[in-house]
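Report on the following structure.
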Amino acid sequence: MTKKIIFISLLILSIFISPALALFLGITYAFIFPHPYPLLSNRLSKYLLQISVVGLGFGMNLYDSLQSSSVGMMMTIFSVVGVMGIGYLLGKLFKIDHCVSYLISSGTAICGGSAIAAIAPVVKANQCQTSVSLAVIFTLNAIALFIFPSIGHFFDLSQQDFGMWAAIAIHDTSSVVGAAAAYGEEALMIATTVKLTRALWIIPLALVSIFFFQNQEGGKDKIAIPYFIFFFILAMILNTYLPIPSIFLTGIRIFSHKALAATLFLIGTSLSIKALKNVGIKPILVGISLWALISIFSLIFIIHF
């Protein structure tokens, strides 16, 4: 009875904290207590995750996202395609679960936890696979938030160059904004614009993933179309072209943020010590390798070109 009370209390608490902290709160619970509602949690997290992703669409403006410079657009294209390709090869090299390597690659290539949240249902990732991927991305993301401004000052990067680099090499939009804001107002403006452009890649990646993973499973079964992706696109279009009251948009964003935090708590509770041991350290190595590659190569490109 005690573990159920603690579980429900922490679930309620999770909606008042950041998604990253909610994830680690769930993982901490899983390390101490057995899950009291595994089947219900799995089903609830699945639908909450999809609702959260659709809500994120109301926070994206299509027109603003496409206003990045041509250099930023080209770097985005090469980095997204490059990270996904290298992530696939690293997954093979380290011989880790294909779904986990794909989710980590998606989070590194596009926009961290938001990308993983959108792609996980498409590739039919279970809670353990999703939780491991999110934990790797959030940990590296937190590190980047603190060290990137110092690295930028060490290399004497301009406001424009740092903004571009932060948007390319840091995972989550929130940490991109935090690091760029610490560097300067111009860096913040450029980083936000380029990062929004990267976030749009969630859409084509999700659609490609449907067919890629269908073929991996044999290709004869009926394709399970993730309709929530189309609602995500619709939400973004509505936000861009309709005069939706700001109070309504703010309410949706707050609800989506809280729903995502609760979802990540539920996902985190599925990551037991036994499950973590079965996964091993290899996903972390893949995440670090991808992050190091995109950070170093994008920095070299920005400095010299």
Worksheet item: Roughly how far, to the nearest 0.5 Å, is CZ of Phe155 from OG of Ser150?
Response: 12.0 Å
Discussion item. Using modelled atom types and a 3.5 Å cut-off, is there a donor and acceptor pairing between side-chain atoms of Ser14 and backbone atoms of Leu11?
Written reply: yes
Discussion item. So, taking the atom named CZ in Phe148 and the one named CG in Leu299, what distance separates them when rounded to the nearest 0.5 Å?
Written reply: 8.0 Å
Worksheet entry | Ser79 side, atom OG; Ile110 side, atom CD1 - distance, nearest 0.5 Å | 9.5 Å
Worksheet item: With the 4.5 Å side-chain cut-off for hydrophobic clustering, are Phe154 and Met164 part of the same group?
Response: yes
Worksheet item: What's the shortest heavy-atom distance between Cys99 and Val123, and which atoms?
Response: SG-CG2, 3.5 Å
Fill in: Rounded distance [0.5 Å steps], CG in Leu103 versus CG in Asp97
8.5 Å
Worksheet entry | Within-4.5 Å side-chain heavy-atom neighbours: Ile244 and Phe58 | yes
Discussion item. So, taking the atom named CD in Gln129 and the one named CD1 in Ile96, what distance separates them when rounded to the nearest 0.5 Å?
Written reply: 10.5 Å
Worksheet item: Would a hydrophobic clustering, with Ile, Leu, Val, Met, Phe, Trp and Tyr connected at side-chain separations under 4.5 Å, put Phe265 with Ile8?
Response: yes
Discussion item. With heavy-atom distances below 4.5 Å as the criterion, would you say the side chains of Asp161 and Ile303 are in contact?
Written reply: no
Worksheet item: Is it the case that more than 12 heavy atoms not belonging to Leu242 sit under 6.0 Å from its CG atom?
Response: yes
Practice prompt. Could you check Ser209 against Tyr102 for side chain to side chain contact (heavy atoms under 4.5 Å, CB included), going step by step and ending with a plain yes or no?
Written response: CA-CA 10 Å; Ser209 300; Tyr102 194 84; 2.6 Å; yes
Discussion item. Are Phe16 and Leu48 connected into the same hydrophobic cluster when the rule is that any two of I, L, V, M, F, W, Y join if their side-chain heavy atoms are below 4.5 Å apart?
Written reply: yes
Worksheet item: Who are the ring-ring contact (aromatic ring centres under 6.0 Å, His included) partners of Tyr37, not counting sequence neighbours?
Response: Phe7
Discussion item. Measuring only between side-chain heavy atoms, which start at C-beta, is Leu140 closer than 4.5 Å to Leu290?
Written reply: no
What pairs of donor and acceptor atoms, side-chain ones from residues 256-264 against any protein atom, are under 3.5 angstrom apart with sequence neighbours left out?
from	atom 1	to	atom 2	distance (Å)
Ser256	OG	Ile252	O	2.9
Lys258	NZ	Ile15	O	3.1
Thr263	OG1	Ala259	O	2.7

Item to complete: Kindly check if the number of other-residue, nucleotide or ligand heavy atoms within 6.0 Å of CZ (Arg253) is above 12?
Response: yes
Item to complete: Test Ile104 against Val100 for side chain to side chain contact (heavy atoms under 4.5 Å, CB included), laying out the working first.
Response: CA-CA 6 Å; Ile104 292 175; Val100 171; 3.8 Å; yes
Worksheet item: Would you say Thr130's side chain and Gln127's backbone share a donor-acceptor pair under 3.5 angstrom?
Response: no
Discussion item. How close do Ile137 and Gly112 get, counting heavy atoms only, and between which atoms?
Written reply: CG2-CA, 3.7 Å
Worksheet entry | Residues in ring-ring contact (aromatic ring centres under 6.0 Å, His included) contact with Phe24, at least two apart in sequence or another chain | none
Discussion item. Could you see if Leu89 belongs to whatever hydrophobic cluster contains Met84? Use Ile, Leu, Val, Met, Phe, Trp, Tyr and a side-chain cutoff under 4.5 Å.
Written reply: yes
Worksheet item: Would you say the side-chain atoms of Trp201 pair up with the backbone N or O of Val80, donor to acceptor, closer than 3.5 Å?
Response: no
Discussion item. Can a donor-acceptor pair be found, under 3.5 Å and without considering hydrogens, that links the side chain of Trp165 to the backbone of Ser295?
Written reply: yes
Worksheet item: Can you check side chain to side chain contact (heavy atoms under 4.5 Å, CB included) on Ile203 and Met236, steps first, answer last?
Response: CA-CA 11 Å; Ile203 300 168; Met236 186 171 60; 3.5 Å; yes
Practice prompt. Would you please name every residue forming a ring-ring contact (aromatic ring centres under 6.0 Å, His included) with Tyr183, sequence neighbours left out?
Written response: His153, Phe162
Discussion item. I want to check something: taking the side chain as every heavy atom from C-beta on, are His98 and Tyr88 in contact at a cut-off of under 4.5 Å?
Written reply: yes
Fill in: Listed partners of Phe33 passing ring-ring contact (aromatic ring centres under 6.0 Å, His included), at least two apart
Tyr29
Item to complete: Among Ile, Leu, Val, Met, Phe, Trp and Tyr joined by side-chain contacts under 4.5 Å, find the other residues sharing a cluster with Phe255 and list them by chain and number.
Response: Ile51
Worksheet item: So if you build clusters from Ile, Leu, Val, Met, Phe, Trp, Tyr with side-chain heavy-atom gaps below 4.5 Å, do Val208 and Ile86 land together?
Response: no
Discussion item. Using side chain to side chain contact (heavy atoms under 4.5 Å, CB included), reason through Leu90 and Leu93 one step at a time and then give a plain yes or no.
Written reply: CA-CA 5 Å; Leu90 287 176; Leu93 177 65; 4.2 Å; yes
Worksheet item: More than 12 foreign heavy atoms under 6.0 Å from CD of Glu185: is that the case here?
Response: no
Worksheet entry | Pairwise distance CG(Asn239) to CZ(Phe248) - rounded to 0.5 angstrom | 10.5 Å
